[in-house]
Amino acid sequence: MSELAVTLLRLGYLVLLWVFVLSAIGVLRRDLYGTRIVPRRRAATAASPGPAEANGSAAGDGHRDRGPTRLVVTEGPLRGTTLPLTSSAILIGRAPSCTLVLDDDYSSSRHARLYPEGGQWFVEDLGSTNGTFLDSTRVDAPLAIPPGARVKVGKSVLELQA
Amino acid sequence: MVTVAPHQVRPGRGVELGLLVVALALGVGAYALVGLNVTGVLPANIARYGAGMAVLAVVMHLVLRVRAPYADPVILPAAVALNGIGLAMIYRIDLAESTAADPSTFANRQLAWTGIGVLLACVVLVVLRDHRTLRRYTYTAMVAGLALILLPLVPGLGTTINGARIWVHLGGMSLQPAEFAKIALAVFFAGYLVTHRDTLALAGPTVLGLHLPRLRDLGPILVVWAGSLAVLVFERDLGTSLLFFGLFVAMLYLATERTGWILIGLGLFLGGALVAARTFSHVAARFEGWLHAFDDDVINQSPGGSFQLVSALYGMASGGLFGTGWGQGRPDLVPYAESDFIIASLGEELGLTGLLALLLVYLVLAERGMRTAIGVRDGFGKLLAGGVSFVVAFQCFVVVGGVTRVIPLTGLTMPFLAYGGSSLLANWVIVALLLRISDSARRPAPEVQGYDPGAPASTAADGQATEVLTGLREARG
């Protein structure tokens with residue numbers, strides 16, 4: 001091979017190496033710039049396009065006996081997290097051993113428990129510091145959770161949804 | 001009022017495929033250039049080699065498409081590029097060191113290990129559906145990790161090579177169990193610290209504005225410190241002991257955000273290292289070879305002289321800014337040019353420009369790991385991703401620092417580049433773990449249906465649930 005070809009190949013390889021590095025960084029560029037700031041009103045409408053406008057006419061009764069199928073965190077640091085409801089109880093708190101681990105400074109490490117009994121879900125406070133609230137009533141003894149009720153644990157709000 | 005919304009995440013599998021093409025071109029191109037420049041013709045098996053590498057990369061890519069569609073798109077191409085470049089350099093040194101009677105076959109073995117490594121990574125991705133299952137094996141991982149560390153000390157099983165007793169011989173293969181131990185220990189530290197982070201972070205006195213942990217919480221860190229010193233004393237391996245200790249201190253810092261831990265860790269390590277330098281001749285020789293590398297009697301001292309380090313430095317100097325080109329230098333003059341000193345070999349033939357590009361690839365790899373740790377929601381995943389990507393970055397620092405005489409030379413391997421089966425397998429497993437965790441970090445949260453942040457509580461929400469259910473029923477239909 002001629003001297004020129006060797007030099008060209010040598011430099012060409014270095015160029016290819018840098019093309020790879022720079023294109024990898026290019027892929028990550030969006031990620032490096034972090035997050036997007038959106039005015040709240042627009043974010044809210046963008047986040048929930050369907051249900052507010054969905055038709056509310058045919059609210060049959062048959063669905064209630066099927067009961068809720070999942071637990072949704074609707075407010076607090078974990079907003080948007082869902083958990084499927086099974087036949088076992090759900091432990092809520094900051095301890096990593098909980099079923100739903102809240103990253104919430106206002107909740108206790110083992111804060112509350114949700115458990116099913118006789119086709120109903122109940123909420124029970126486990127001696128938490130700041131208390132558990134079902135809508136606006138403080139949970140002292142286990143309470144049945146009516147459909148659509150909001151369970152407040154620390155700064156997080158949980159709902160049972162079908 | 002504004003809200004902060006993360007960018008819409010695209011799965012990025014197409015981008016990954018594009019980067020994989022470039023990464024494969026780097027590996028196979030280097031292999032071809034080595035043949036061209038050393039022997040004047042393309043290597044005989046170049047087509048088979050290229051096809052084999054492409055098949056491995058594509059198999060892994062397809063596994064990702066099925067099993068982890070949201071995994072990070074840059075991690076796999078970075079690993080493939082580094083592995084390919086490492087293979088080409090090992091092949092190049094094989095060519096230089098082979099004689100007709102005694103052909104050197106490091107490259108073939110490394111190629112086999114690459115295949116096994118990629119398949120192992122695929123198995124990890126297929127079997128491990130959710131990284132959180134690993135948390136169940138926290139203490140199993142601790143026992144496994146400690147057992148792996150101590151394995152070379154078992155008589156009859158462990159062997160001493162070049163003064164360090166870190167190898168295990170099994171059926172004709174020699175393995176370094178410490179490479180796998182670091183993954184097991186990362187799993188253990190993540191599981192342990194996620195449970196104990198609050199006690200470690202909050203309990204304890206504050207001295208001079210520095211938050212110190214309680215003495216009894218210091219227990220585990222002292223155990224690990226003793227363990228890494230034991231590796232230093234009984235297995236005579238500086239690098240591995242540094243790696244384990246660094247991993248634990250880094251993960252403690254990740255878990256607690258207390259600078260105090262880093263200062264305590266550094267203090268303990270410096271103390272240990274100073275004592276070791278006074279007491280053990282092999283550690284003292286490393287220090288001597290670092291501080292007085294260019295003294296004649298240090299260079300010629302045998303064993304443990306600085307001849308290797310000095311010739312590597314001259315090699316990199318002769319490479320200069322743009323390198324001599326693949327196959328045009330003499331990296332084979334340095335002992336262990338294919339394993340411990342592969343960075344010096346690459347520095348000679350690719351120059352500073354190429355070496356910086358390679359270091360940037362490592363930087364990108366580690367950055368993706370750390371980004372994954374930020375993005376993933378569960379504490380265990382955060383610590384595990386942060387820990388294993390720290391290991392990759394730390395190994396790079398220790399190796400490159402040693403070869404360029406920034407810190408004393410230690411016997412660690414450069415991830416993916418250096419020759420060594422255990423290291424390659426362990427690093428492919430690390431890549432698989434990072435891909436698995438990044439998949440759950442980048443996967444968009446399931447849509448919250450029936451939730452309207454503006455609506456009042458109770459009755460309205462009740463109605464909404466009904467509407468959603470009706471809608472679902474109609475959709476199912």
Side-chain angles (χ1 to χ4, degrees), chain A residues 1 6-7 9-11 13-14 16-21 23-25 27-28 30-31 33-41 43-44 47-48 50-52 54-56 58-60 63 66 68 72 74-75 78-82 95-97 101 103 109 135 146-150 159-162, chain B residues 1-7 12 15 19 22-23 25-26 29-30 33 36-37 40 73-74 77-78 81 194-195 322-323 325-326 328 350-351 353-354 357-358 360-361 364 368 371 378-380 445-446 448-455 457-459 461-471:
Chain A
M1 263 195 320
V6 170
T7 310
L9 282 174
R10 172 167 72 106
L11 296 180
Y13 190 82
L14 291 178
L16 188 64
L17 202 53
W18 276 97
V19 164
F20 175 71
V21 171
S23 51
I25 293 174
V27 171
L28 308 176
R30 268 159 62 101
D31 212 63
Y33 283 132
T35 46
R36 191 166 37 114
I37 310 288
V38 200
R40 172 160 266 195
R41 203 166 294 272
S48 62
N55 75 85
H63 69 281
R66 284 214 308 189
V72 181
T74 55
E75 266 169 53
L78 280 187
R79 197 191 123 181
T81 310
T82 61
S97 55
V101 183
D103 183 16
S109 52
D135 287 332
R150 292 150 53 93
E159 279 180 35
L160 297 183
Q161 291 184 351
Chain B
M1 287 290 275
V2 293
T3 54
V4 178
H7 278 292
V15 173
L19 283 176
V22 186
L26 279 174
L33 280 178
L36 265 181
N37 287 343
V74 181
V194 83
T195 326
F322 295 105
W326 282 103
Q328 304 280 322
L350 298 180
T353 320
L358 287 180
L360 271 181
V361 175
V364 165
R368 291 327 287 164
R371 183 67 184 78
D378 66 297
F380 176 75
V448 179
Q449 283 177 341
Y451 168 59
D452 177 4
S458 63
T459 51
D462 189 1
Q464 269 169 31
T466 319
E467 283 152 17
V468 170
L469 200 90
T470 325

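Lettering of chains follows the sequences in order, A, B, ..., and the numbering in each one begins at 1.
Counting heavy-atom pairs under 4.5 Å between each of B/G29, B/G379, B/P77, B/G12 and chain A puts B/P77 at the top. Comparing B/L19, B/V364, B/L360, B/V15 by heavy-atom pairs within less than 4.5 Å of chain A, the highest count is held by B/L19. Of the listed residues (B/L26, B/L33, B/V22), the one with the most heavy-atom contacts under 4.5 Å to chain A is B/L26. Interface remark: of the candidates A/V21, A/V101, A/L11, A/V21 forms the most heavy-atom pairs closer than 4.5 Å to chain B.
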- Decide yes or no on side-chain contact (heavy atoms from CB on, under 4.5 Å) for B/N37 and A/V6, but give the supporting numbers first. CA-CA 8 Å; B/N37 287 343; A/V6 170; 4.2 Å; yes
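For B/P73, the part lying under 4.5 angstrom from a heavy atom of chain A is the side chain only. For B/A81, the part sitting under 4.5 Å from any heavy atom of chain A is the side chain, from C-beta outward, and nothing else.
To the nearest 0.5 Å, atom CG of residue A/L14 and atom CG of residue B/L350 are 6.0 Å apart. Atom CZ of residue A/F20 and atom CG of residue B/L358 lie 10.0 Å apart, to the nearest 0.5 angstrom.
Side chain of A/W18 to backbone of B/T353: a donor-acceptor contact under 3.5 angstrom is found.
Contact between A/A24 and B/V74 at its shortest, heavy atoms only, is CB-CG1, 3.9 Å.
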